[in-house]
Amino acid sequence: MAAQRKPMMAANWKMNKLVREAEDYAAKLLPRVADSTDEVDVAVFAPFTSLPTVGRMTEDSAVMAGAQNLYFEDSGAYTGEVSAPMIKDVGAEAVIVGHSERREIFGETDETVARKAAKALEAGLIPVVCVGETKEERDAGGMWEKVSGQVRAVMDGLDSPSGDSVVFAYEPIWAIGTGETASPEDAQEAIGQIRGLLGELGGEEFAHSVRILYGGSIKPSNAADIMAQDDVDGGLVGGASLEADSFAELVEVARQSVAQNEDDAQERMVE
Ligand code: 13P
């Protein structure tokens, strides 16, 4: 992680937790991470049913509540959908957009993902835009074609975003929920390429300040090596975020990566 960007550790609960379980989790997590939020942005992406609970419980803390999806209209005859104003109304500050499960299972396209990201940004929610390739695409040498297309589609629809108004997450689909993490080098290579493309599309200042997370089978035992990579600014965590204890451990790993960064910077000054 580079020193100019504040790392983010984000829990994606996916379709898990009843309201009571969300309450227990937040009650456990908040005191555990309270001392870390100056150095690390901590976010919990909850299902819509428990989002109001998480929104309320995080209200007086620096921990961010987030939704896992949104629709790109504000209101109207869209049965089953939830809009940006509704998400903000229950205390959320961010929203995951274009998660591979939405793209693969629910048929979201680059176009709908781009419209959702644009709507989130316009509404003042931080879109956490997910991109990533399947195993077949990677094996066939098509990783960058897929990922760059996903990034371009979203950036085309955003109106001069600032680096702190949007977050990207590189989540190789073959690493999600499989226990097979991308190697730290593969994560760095992909995320470095994404940052390069963001420089072309959004300018150098944007590319230097925007955070790009890695997601896919992150756990406390492998997070430090991933976080140590220059371009990796944090993690979007599924399975290992479901227990408050292991997610708090991941926040601690991110905090330590900040300290490590400062040590490295000092060493460079001395040299
Ligand atoms: P896992 O951490 O369970 O692999 O899930 C990653 C993910 O999809 C986060 O959005």
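What's counted below: heavy atoms across the whole structure, side chains too, no hydrogens, waters or symmetry copies. Each ligand, and each atom within it, is numbered from 1 in the order the structure gives. Because the structure is a prediction, the values reported are computed rather than measured.
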J.: Is it the side chain (CB and beyond), the backbone, both or neither of Ser100 that lies under 4.0 Å from ligand 1, heavy atoms counted?
T.: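 Neither part.
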J.: Please, which pairs that meet side-chain hydrogen bond (donor to acceptor under 3.5 Å, both in side chains) have at least one residue in residues 77-89, sequence neighbours excluded?
T.: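 Passing the test, one end in residues 77-89: no pairs.
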J.: Is Gly215 near ligand 1, meaning one of its heavy atoms is under 4.0 Å from it?
T.: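 No.
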J.: I need the atoms of ligand 1 closer than 4.0 Å to a non-hydrogen atom of Asn12, numbered in the order shown.
T.: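 Here the atoms of ligand 1 in question are 9 (C), 10 (O).
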J.: Suppose we measure from atom 2 (O) of ligand 1 to each protein heavy atom; which comes out shortest, and what is that distance?
T.: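 In this structure, atom 2 (O) of ligand 1 has Gly238 N, 2.9 Å as its nearest protein heavy atom.
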J.: Given Asp110, which partner from the list Lys146, Lys116, Arg103, Arg115 fulfils the salt bridge (charged side-chain N to carboxylate O under 4.0 Å, His left out) test?
T.: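 Among Lys146, Lys116, Arg103, Arg115, the one meeting salt bridge (charged side-chain N to carboxylate O under 4.0 Å, His left out) with Asp110 is Arg103.
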J.: Gly216 heavy atoms, cut-off 4.0 Å: which ligand 1 atoms fall inside?
T.: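 In order of number, 4 (O), 6 (C).
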J.: Any atoms of ligand 1 less than 4.0 Å from a non-hydrogen atom of Gly177? List them with their elements.
T.: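 With Gly177 as reference, the close atoms of ligand 1 come out as 1 (P), 3 (O), 4 (O).
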J.: Minimum heavy-atom separation for Gly132 and Val147, please, with both atom names.
T.: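 That closest heavy-atom pairing would be CA-CG2, 3.9 Å.
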J.: State if Ala175 counts as touching ligand 1 under the rule of any non-hydrogen atom under 4.0 Å.
T.: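 It does; at least one heavy atom falls under 4.0 Å.
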J.: Ignoring hydrogens and angles, state whether a donor on the side chain of Glu252 or Gln256 is under 3.5 Å from an acceptor on the partner side chain.
T.: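 There is such a pair (donor and acceptor under 3.5 Å, judged by atom type) between the side chains of Glu252 and Gln256.
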J.: Regarding Glu122 and Lys119, does a basic nitrogen lie under 4.0 Å from an acidic carboxylate oxygen?
T.: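 Salt bridge present between Glu122 and Lys119.
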J.: Taking 4.0 Å as the limit for heavy-atom contacts, which would you say applies to Ile176 with ligand 1: side chain only, backbone only, both, or neither?
T.: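 For Ile176, backbone and side-chain atoms both sit under 4.0 Å from ligand 1.
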J.: Can you figure out which of His99, Glu101, Lys14, Glu180 has its heavy atom closest to atom 10 (O) of ligand 1?
T.: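 Nearest heavy atom to atom 10 (O) of ligand 1 lies in His99.
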J.: Considering only the protein, which heavy-atom contact is closest to atom 3 (O) of ligand 1, and what is its distance?
T.: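 I find the closest protein heavy atom is Gly239 N, 2.8 Å.
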J.: Decide yes or no on side-chain hydrogen bond (donor to acceptor under 3.5 Å, both in side chains) for Trp174 and Glu133, but give the supporting numbers first.
T.: CA-CA 8 Å; Trp174 46 272; Glu133 81 288 0; 2.9 Å; yes
J.: Is Ala240 close enough to touch ligand 1? Criterion: a residue heavy atom under 4.0 Å from a ligand atom.
T.: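 No heavy atom of Ala240 comes that close to ligand 1.
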J.: Report the nearest protein non-hydrogen atom to atom 7 (C) of ligand 1: residue, atom name, distance rounded to 0.1 Å.
T.: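 Here the nearest protein heavy atom works out to Glu171 OE2, 3.2 Å.
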J.: Strictly below 4.0 Å, N to O, side chains only: are Asp233 and Arg195 in salt-bridge contact?
T.: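 Salt bridge: yes.
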J.: How about Gln188 and Asp231: does a side-chain donor come under 3.5 Å of a side-chain acceptor?
T.: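 Yes - a donor-acceptor pair under 3.5 Å links their side chains.
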